[in-house]
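Heads up, the thing below is written out as structure tokens.
Quick note on labels: first sequence line is chain A, next is B, and so on, each numbered from 1.
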Number of protein chains: 2
Amino acid sequence: MLDERKRKILQAIINDYISTAEPIGSRTIARKYDLGISPATIRNEMADLELLGYIEQLHTSSGRIPSAKGYRLYVDALLSPETITEKEINLISNWYDVKVRRVEEVFQETAKIISRMTKNISLVLAPQLSQATFRYLQFLPLDESRVIVVVMTDSGFVENKVIVMPSGTTVEDLQRIALVVNKHLAGQALDSIKPSVLRRIKADVLANSRFFDVAMEAISQALTVDKKERVYLGGTTQLLNQPEFRDIDKVKNIFLMLEEEQLLCDLLHAHDGEGIAVTIGQENKYSGIQECSMISATYKLDGQIIGTIAVLGPTRMEYGKIMTLLDFMNSNLGQILKKYKL
Amino acid sequence: MLDERKRKILQAIINDYISTAEPIGSRTIARKYDLGISPATIRNEMADLELLGYIEQLHTSSGRIPSAKGYRLYVDALLSPETITEKEINLISNWYDVKVRRVEEVFQETAKIISRMTKNISLVLAPQLSQATFRYLQFLPLDESRVIVVVMTDSGFVENKVIVMPSGTTVEDLQRIALVVNKHLAGQALDSIKPSVLRRIKADVLANSRFFDVAMEAISQALTVDKKERVYLGGTTQLLNQPEFRDIDKVKNIFLMLEEEQLLCDLLHAHDGEGIAVTIGQENKYSGIQECSMISATYKLDGQIIGTIAVLGPTRMEYGKIMTLLDFMNSNLGQILKKYKL
DNA sequence: CATTAGCACTCACTAGTATAGAGTGCTAAC
DNA sequence: GTTAGCACTCTATACTAGTGAGTGCTAATG
């Protein structure tokens, strides 16, 4: 383990690099940080730190920058605790009050708040519908031939799908099917409702089998279609403000990744335990963001993890501040969801 | 008006600049395009074209590039007609078949197709709900205190909102309210349903006034909330492939604009007549895209204009090809919407 | 014996200069 | 009217110091 002085110096290097994005030399450390030692001593310590792999040099006569290993130690042990201010809390709750009118908007706005406050890209993985449980389904006639299947879940999410019914289907036919289906599926998790389950139901509705197939098709579509989780992005342009991303090609790689929703889902799922996770640089699986760090946090509703929020930025990011914010946001998000869902 | 030879030369300059992004000189024109005249003659003609404002020079010894006025003439008069290939048509219909499962996805996928095929940013303005007309509304009980208000429109769009009802509300109360509301609102355009209209209804439901206020609040929310039109974006990263956007700051401006949905709506509404519109460079109202051109086309459903599709890119874009594609897409979109809406 | 002053050395960055090359406008010949 | 020829302009590239921030090493110091 590093001694106190080495840690102080490493901390100074990282803090400075985080705010300036410039390599930092022994002179500057001695001047800016009051460590009571001369540049020469700092140089010796820095040589040690470099040997240990915590910092690196771009070329022999440049200052030092933190290495991935350095950031890792920083995040794990050197981070000075940050608190979220009263002002920030007000800003957040005010934002929700003004901008959010319905559940679905919570996620997009959460992403916006986070990116605004951290000056980085934010990602919000919204809960999959499949984790919800089926409450009931209802057919609402639209006109002579078309019917809307409305599927309701426990938590109040509503999924709907317009279908065309064979001519001659009556409202009563539909109600009978709904009755049977509801009896079978009530309380089941959406992702446990597989074609086999639906087929078993069929036996119970034999009398109406003519409409059943169409209805089942629609139901299974209404059920599956939104299993696809949604990722909401915020502040993608923030990346363009970072000096390490002046290079269009680096930016392009990352933006291309951000356009692939499935990839983002996977990325956010990499962390599916509780609490906050930090992946630094090459720790990231996707090569496009190996010059980035990602801080992610899972949030809960009624004690169950239902989604993830994350911040993506250059490895040189304000870990402390962002972790504190995400911690606050994710403990908050459950309540906010409840509130807006009613 | 320009004589034939001048037009040929201007056409050559613009075509070449569109494909190379490099200023073009008299020598190159003579070599690449078989006009039967010498570089010197071309130089003379180019001097004229510059005097007339159709082309410009970056500095005295550089080749010429088209000016905004040049592009304008090109688009209005010089464009060689392009046709869409069988292969492309298949690609498009196949894309819809594979990717689109529900109405809402049509717009996002349309944006993706267009950006993929044009290598530029695409924007799709999806129909506002407010243009739809109210069909009927229904209350679906969720649990003891919560109810879902489902509002259905003519075209089969469904809007829903969870509300909390005062304790003691019965299903019959709700049905009575629904009945009255439906009687009053059926067939009305959503954006004509204002608070004053709702208040007038109140008289008819006096017996249930206790629940009425809550219900009305929810209804008006369900009605207004999605008046907000949605803009779907595709291929924003394509911009980064353009040589004229190697500069991060230019890109940033445009990306910032793309994040503001309201702005994009306004932009797309600038063209609300029929057919295709092209705005070139400074013709654009928003300063951020004055180095861009935008080609937009409105699409219809049942004879009525319901939205806009557009392509945004550098002024140096393949006008002919893109206009042909948009023309095809917008004439196609109505059918596709019908098909997937069913 | 850890610390520090001093110094030679390295290397990116900047400014200045020369050169090459693409393209022009003008003039005179065809 | 068209074109060959030529002097001229201006960018882009390569090369060459010169500057300065920062280092590592050595020897002196408390």
Side-chain angles (χ1 to χ4, degrees), chain A residues 1-10 12-17 19-67 70 243-244 246-247, chain B residues 2-10 12-17 19-67 70 243-244 246-247 316:
Chain A
M1 196 51 192
L2 300 180
D3 62 41
E4 182 64 17
R5 195 170 67 184
K6 281 198 175 56
R7 280 167 51 183
K8 279 253 174 65
I9 291 174
L10 181 55
I13 293 173
I14 299 183
N15 281 333
D16 206 80
Y17 188 68
S19 60
T20 66
E22 297 287 329
I24 180 171
S26 53
R27 256 189 111 71
T28 322
I29 294 182
R31 221 184 307 125
K32 282 172 85 169
Y33 301 86
D34 200 19
L35 300 178
I37 44 178
S38 75
T41 312
I42 295 175
R43 271 204 292 286
N44 289 329
E45 296 286 39
M46 282 166 90
D48 290 351
L49 284 171
E50 182 165 4
L51 218 63
L52 292 166
Y54 293 112
I55 54 180
E56 16 185 71
Q57 264 181 316
L58 297 174
H59 51 87
T60 47
S61 72
S62 86
R64 305 306 211 289
I65 61 170
S67 69
E244 43 267 81
R246 299 298 304 176
D247 177 17
Chain B
L2 298 180
D3 62 42
E4 182 63 18
R5 195 170 66 184
K6 280 198 175 58
R7 279 166 52 181
K8 278 253 172 68
I9 291 174
L10 181 56
I13 293 173
I14 298 183
N15 281 334
D16 205 80
Y17 187 68
S19 60
T20 66
E22 297 287 329
I24 181 170
S26 53
R27 256 189 110 72
T28 322
I29 293 181
R31 220 184 309 125
K32 283 173 85 168
Y33 300 86
D34 201 20
L35 301 177
I37 42 179
S38 75
T41 313
I42 295 176
R43 271 205 291 287
N44 288 330
E45 295 287 38
M46 282 167 91
D48 290 352
L49 284 171
E50 182 166 4
L51 220 61
L52 292 166
Y54 293 113
I55 54 180
E56 4 183 87
Q57 263 181 317
L58 297 174
H59 51 86
T60 48
S61 72
S62 86
R64 305 307 212 289
I65 60 171
S67 68
E244 43 268 82
R246 299 298 303 173
D247 177 17
R316 181 188 67 77

Euclidean distance, L58(B) CG relative to I65(B) CD1, rounded to 0.5 Å = 4.5 Å

request  = Using a 4.0 Å cut-off on protein heavy atoms (strictly under), produce a 5'-to-3' string for nucleotides 8-27 of chain C with B for base contact, S for backbone-only sugar-phosphate contact, and - for none.
outcome  = --BBS---------BSBB--

request  = Determine the minimum heavy-atom distance between P243(A) and A21(A), stating which atoms define it.
outcome  = CG-CB, 3.6 Å

inquiry  = What is the distance, to the nearest angstrom, from the CD1 atom on I42(A) to the C1' atom on dA2(C)?
reply    = 15 Å

task = Going by the salt bridge (charged side-chain N to carboxylate O under 4.0 Å, His left out) test, name the single residue among R5(A), K6(A), R7(A) that passes it with D48(A).
result = K6(A)

Closest contact, heavy atoms only, G63(B) versus Q57(B) = O-CG, 3.8 Å

Could you pull out the protein-nucleic contacts involving nucleotides 27-30 of chain D (nitrogen or oxygen on both sides, under 3.5 Å)?
none

remark   = Nearest heavy-atom contact between I55(A) and I13(A) is CD1-CD1, 4.0 Å

query = In whole angstrom, what separates I37(A)'s CD1 from dA5(C)'s C1'?
reply = 15 Å

request  = Might you work through the side-chain contact (heavy atoms from CB on, under 4.5 Å) test for L35(B) and T41(B), ending with a clear yes or no?
outcome  = CA-CA 11 Å; L35(B) 301 177; T41(B) 313; over 6 Å; no

ask   = How far apart are the closest heavy atoms of Y33(B) and A12(B), and which atoms are they?
value = OH-O, 3.7 Å

ask   = Expressed in angstrom and rounded to an integer, what is the separation of R5(A) atom CZ from dC1(C) atom C1'?
value = 12 Å

message = Looking at dT3(C), I'd like to know if its phosphate oxygens (OP1 or OP2) sit under 4.0 Å from a side-chain N or O belonging to T41(A).
response = no

ask   = Heavy-atom count around K8(A) NZ within 6.0 Å, excluding the residue itself: above 12?
value = no

